[in-house]
Amino acid sequence: RRDASFRQASVAEVASVLANRAPANPQDLASLVLDHLRIIENQLRGDDTNGLKLFRRDDGKTPKSENDCRDALIQRLRGPLLPLGVHIEKEAQAAHDTRPDMRAQFMEPGHRLRVPIELKKEGHRELWSAWRTQLRPYTLDPECDGVGIYLVLWFGIEPRPSPEGIRPSTPQQLTDLLRAMIPEEDRRRIHVVVVDLSIPN
């Protein structure tokens, strides 16, 4: 159904993307969110106000819960995206009474785009399967056009080994392993991003 409903972007949509204006389609909306996640990561890692501690408990070392980390990220995403008309919601209603951790949504008269975002920490028991069992079903919403973001938070403390027994040692290695698991026909729609929240030595 997803492949059958695919359509090429119109000339107007392509022009909107090139002009860096409002998102033209779900893929464009996902790219916008991914760009801002990278900006936030760079800000946190170069921040002189210890922004990385927003994601840790009072001891300054132990990561906060997944929901607390999600809320801290949402706070940082909403500020720059809201002026562009993009709303970041948490646990938004999806098909079959399911709820993705987050969802990016853009609305204008007669036009709505959505991108579900599934978030997991590096040690979550479903780290290696949630992109398939949780995220992919959310992308079946026609307003998503099969597009979704799998967002993993890297603390560098105890990443879960892959089904093949490989324990990633860097955010990039985790990214590569996860991307390799996604079938080639899905890779342009299911975006994997690992945000590095480890404390520099």
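The model shown is predicted, which means the values in this text are computed figures rather than measured ones.
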Verify same cluster id: [X], [Y] (apolar side-chain graph, 4.5 Å):
X: Ile166; Y: Leu178; value: yes
X: Leu81; Y: Met107; value: no
X: Val194; Y: Ile199; value: no
X: Val195; Y: Ile157; value: yes
X: Leu34; Y: Phe106; value: yes

With distance as the sole test, does [X] use its side chain to make a donor-acceptor pair with the main-chain N or O of [Y] at under 3.5 Å?
X: Arg112; Y: Glu143; value: no
X: Arg56; Y: Leu52; value: yes
X: Arg188; Y: Gln27; value: no
X: Glu41; Y: Asp196; value: yes
X: Glu66; Y: Lys121; value: yes
X: Arg167; Y: Pro159; value: yes

Can you give me the closest heavy-atom contact between [X] and [Y], atom names plus distance?
X: Phe55; Y: Phe155; answer: O-CE2, 3.8 Å
X: Met102; Y: Ile88; answer: CE-CG2, 4.0 Å
X: Arg160; Y: Trp128; answer: O-NE1, 3.1 Å
X: Arg57; Y: Pro63; answer: NE-O, 3.5 Å

Would you compute the distance between atom [atom1] of [X] and atom [atom2] of [Y] and round it to the nearest 0.5 angstrom?
X: Arg38; Y: Asp35; atom1: CZ; atom2: CG; answer: 10.0 Å
X: Ser65; Y: Arg70; atom1: OG; atom2: CZ; answer: 8.0 Å
X: Ile40; Y: Gln75; atom1: CD1; atom2: CD; answer: 10.5 Å
X: Leu177; Y: Gln172; atom1: CG; atom2: CD; answer: 10.0 Å
X: Tyr150; Y: Met181; atom1: OH; atom2: CE; answer: 9.0 Å
X: Ile149; Y: Leu135; atom1: CD1; atom2: CG; answer: 9.0 Å

Margin query: Could you go through Glu122 and Leu153, starting from their C-alpha distance and side-chain angles, then the distance that decides it, and tell me whether this counts as side-chain contact (heavy atoms from CB on, under 4.5 Å)?
Written below: CA-CA 6 Å; Glu122 62 182 23; Leu153 305 182; over 6 Å; no
Can you confirm whether [X] sits close enough to [Y] that some side-chain heavy atom of one is under 4.5 Å from a side-chain heavy atom of the other?
X: Pro26; Y: Arg114; result: no
X: Trp154; Y: Leu197; result: no
X: Leu77; Y: Val86; result: no
X: Ile182; Y: Trp131; result: yes
X: Cys144; Y: Val115; result: no
X: Val147; Y: Thr139; result: no
X: Val152; Y: Val193; result: no

Is [Y] paired with [X] through a side-chain N to carboxylate O contact shorter than 4.0 Å?
X: Lys120; Y: Glu118; value: yes
X: Lys90; Y: Asp101; value: no
X: Glu91; Y: Arg103; value: no

Notebook entry, point to check: Is the closest side-chain donor-acceptor distance between Glu164 and Ser162 under 3.5 Å?
Noted result: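 Looking only at side-chain atoms, Ser162 and Glu164 do form a donor-acceptor pair, the distance falling under 3.5 Å.
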Margin query: Under 3.5 Å, is there a donor on one side chain and an acceptor on the other for Asp28 and Ser31?
Written below: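 Looking only at side-chain atoms, Ser31 and Asp28 do not form any donor-acceptor pair under 3.5 Å.
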Next item on the list: For side-chain contact (heavy atoms from CB on, under 4.5 Å), just list the numbers for Asp145 and Leu113, CA-CA rounded to whole Å, side-chain angles, deciding distance to a tenth of an Å, and then say yes or no.
Entry: CA-CA 9 Å; Asp145 195 28; Leu113 309 173; over 6 Å; no
Check: Does CD in Glu126 sit with more than 12 non-hydrogen atoms of other residues, nucleotides or ligands closer than 6.0 Å?
Finding: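 Count over threshold, so yes.
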Note to self: Does Lys64 have more than 12 heavy atoms from other residues, nucleotides or ligands lying within 6.0 Å of its NZ?
What the structure shows: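 Yes, enclosed.
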